[in-house]
Novice: 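Here you go, one structure.
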Amino acid sequence: MPAMTHRPFLARMLEQRCFFMFLALLALLVTMPFVVDSLLGRALVGLLNLLILLTAVAAVGRSRLSFLVAVALGLPTLAFQLLALASGLRGHLTLSWSFGAAFYAYAIAHLLHYVLRRDEMTADKLYGAVAAYIMIAIFWAYLFGVLQYFHPGAFALYGAPTTMNLADLIFYSFTVLTTAGFGDITPVLIQSRFPTILEAVTGVMYVAILIARLTGVYPVVGPKS
């Protein structure tokens, strides 16, 4: 009898895995500006990243292979992040961001495959589409972080070249992805300008292609005559 009561609850949890991933991403965006400047705050961000990794692995791990690949990319992301907190070395942080970018790219691909699959449209799929959009911005933020490690001074804050932390990178990434373009953070080098163009195109095309694809997969059915 206990097994019969727990299994439906677990099944309901798994059916809402994209919703929980969306909540984890939202928690990261809400809390990061207030905690990123302290060591304890960065540890909290690390815990939120762990939560995102867990929910993302649950969301994309719909087969044994996809689960193993997600874990193989997620564990180094977390491990190098912990090493960066302990040592303060930018090399460890860059490695964490590199694996993080690969993990997010893998998760985004699987999320979009799930969202655009031709079957019943659910609320969880809609949360998956929104989560994928947020993850695209964080993916580019990780790429920009790796880029500035190899090209110091690639970005400027209020006209002064600077090395941006993850919070600044995510803010910049969202301004580019949404084409808001506030202009306080600007790409200075050619190596940072062209990836910025690619992200802006990605943001515009994501919305257009997603709407077009959903319209094609889930056509409007008129009343029967």
Novice: Output the distance between atom CG (Leu210) and atom CG (Leu112), rounded to the nearest 0.5 Å.
Specialist: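 The CG atom of Leu210 sits 7.5 Å away from the CG atom of Leu112.
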Novice: Mind listing the closest non-hydrogen atom pair of Met21 and Ala131 along with its distance?
Specialist: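 Heavy atoms only, the tightest pair is CE-CB, 3.9 Å.
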Novice: Does any non-hydrogen side-chain atom of Tyr158 lie less than 4.5 Å from one of Thr186?
Specialist: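 No. Closest side-chain heavy atoms not under 4.5 Å.
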Novice: At what distance, to the nearest 0.5 angstrom, does CD1 of Ile209 lie from CD1 of Ile211?
Specialist: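 The CD1 atom of Ile211 is 11.0 Å from CD1 of Ile209, to the nearest 0.5 Å.
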Novice: Counting distance only, does the side-chain N/O of Thr94 pair as donor-acceptor with the main-chain N or O of Tyr149 below 3.5 Å?
Specialist: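 The answer is no, because no donor-acceptor pair under 3.5 Å joins these two groups.
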Novice: So which of Phe139, Tyr142, Tyr133 actually passes ring pair (Phe, Tyr, Trp, His ring centres under 6.0 Å) with Tyr104?
Specialist: Tyr142
Novice: Specify the closest pair of heavy atoms between Gly153 and Leu189, including all atoms of both residues, with the distance to one decimal.
Specialist: O-CG, 3.8 Å
Novice: Examine Val207 and Val130 and state if one hydrophobic cluster contains both, with Ile, Leu, Val, Met, Phe, Trp and Tyr joined whenever side-chain heavy atoms are less than 4.5 Å apart.
Specialist: yes
Novice: Which pair of non-hydrogen atoms, one from Leu169 and one from Gly145, has the smallest distance, and what is that distance?
Specialist: CD1-CA, 3.5 Å
Novice: Please tell me whether Tyr106 and His110 have a donor and an acceptor in their side chains that are separated by less than 3.5 angstrom.
Specialist: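 There is such a pair (donor and acceptor under 3.5 Å, judged by atom type) between the side chains of Tyr106 and His110.
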Novice: If you define the side chain from C-beta out and look only at heavy atoms, does anything of Thr175 sit under 4.5 Å from Ile185?
Specialist: no
Novice: Do Val71 and Leu65 belong together in a cluster built from hydrophobic side chains that touch within less than 4.5 Å?
Specialist: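 Yes: a chain of side-chain contacts under 4.5 Å links Val71 to Leu65.
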Novice: Hey, what do you get for CG (Leu166) to CD1 (Ile138), rounding to the nearest 0.5 Å?
Specialist: 8.0 Å
Novice: Under the side-chain hydrogen bond (donor to acceptor under 3.5 Å, both in side chains) definition, can you give me all pairs with a residue in residues 188-210, not counting sequence neighbours?
Specialist: Tyr172-Thr196, Ser173-Glu199
Novice: Tell me if a side-chain donor or acceptor on Asp124 pairs with a main-chain N or O of Cys18 at a distance below 3.5 Å.
Specialist: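 Flag set: sc Asp124 to bb Cys18 pair under 3.5 Å.
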Novice: Is atom CZ of Phe174 surrounded by more than 12 heavy atoms (other residues, nucleotides or ligands) closer than 6.0 Å?
Specialist: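 Check passes, neighbour count above 12.
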Novice: Check for me, please, whether Phe194 and Val204 land in the same ILVMFWY cluster - side-chain distances under 4.5 Å, paths through other members count.
Specialist: no
Novice: If the test is side-chain contact (heavy atoms from CB on, under 4.5 Å), which one of Val69, Ile52, Leu73 qualifies with Phe103?
Specialist: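 It is Leu73, the one option of Val69, Ile52, Leu73 that forms the side-chain contact (heavy atoms from CB on, under 4.5 Å) with Phe103.
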Novice: Quick one: closest heavy-atom pair of Pro195 and Trp140, and the distance?
Specialist: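 Where Pro195 meets Trp140 most closely, the heavy atoms are O-CZ3, 3.5 Å.
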Novice: Which heavy atom in Val115 sits nearest to a heavy atom in Lys125, and how many Å separate them?
Specialist: CG2-O, 3.4 Å
Novice: Do the non-hydrogen side-chain atoms of Leu157 and Met164 ever get within less than 4.5 Å of each other?
Specialist: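 No. Closest side-chain heavy atoms not under 4.5 Å.
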Novice: Going hydrophobic residue to hydrophobic residue with side-chain gaps under 4.5 angstrom, can you get from Ile190 over to Val188?
Specialist: no
Novice: Side chains of Asp168 and Thr162: does their closest heavy-atom pair fall under 4.5 Å?
Specialist: no
Novice: Dump the intermediate steps for side-chain contact (heavy atoms from CB on, under 4.5 Å) on Met32 and Phe171, then the final yes or no.
Specialist: CA-CA 11 Å; Met32 179 173 283; Phe171 170 75; over 6 Å; no
Novice: For Leu95 and Leu83: C-alpha separation, side-chain torsions, deciding distance, then whether side-chain contact (heavy atoms from CB on, under 4.5 Å) applies.
Specialist: CA-CA 10 Å; Leu95 285 171; Leu83 285 175; over 6 Å; no
Novice: For Ala101 versus Leu143, what's the shortest heavy-atom pair and its separation?
Specialist: CB-CD2, 3.9 Å
Novice: Does Thr77 reach the main-chain N or O of Gly100 with its side chain, forming a donor-acceptor pair under 3.5 Å?
Specialist: yes
Novice: Linking I/L/V/M/F/W/Y whenever their side-chain heavy atoms sit closer than 4.5 Å, directly or via other members, would Val146 and Leu198 fall into one cluster?
Specialist: yes
Novice: Are any of the side-chain heavy atoms of Gln148 and Trp97 separated by less than 4.5 Å?
Specialist: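 Yes; the side chains approach each other to less than 4.5 Å.
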Novice: Checking side-chain contact (heavy atoms from CB on, under 4.5 Å) for the pair Ile134/Phe22: CA distance, chi angles, key distance, verdict?
Specialist: CA-CA 8 Å; Ile134 296 175; Phe22 168 74; 4.1 Å; yes
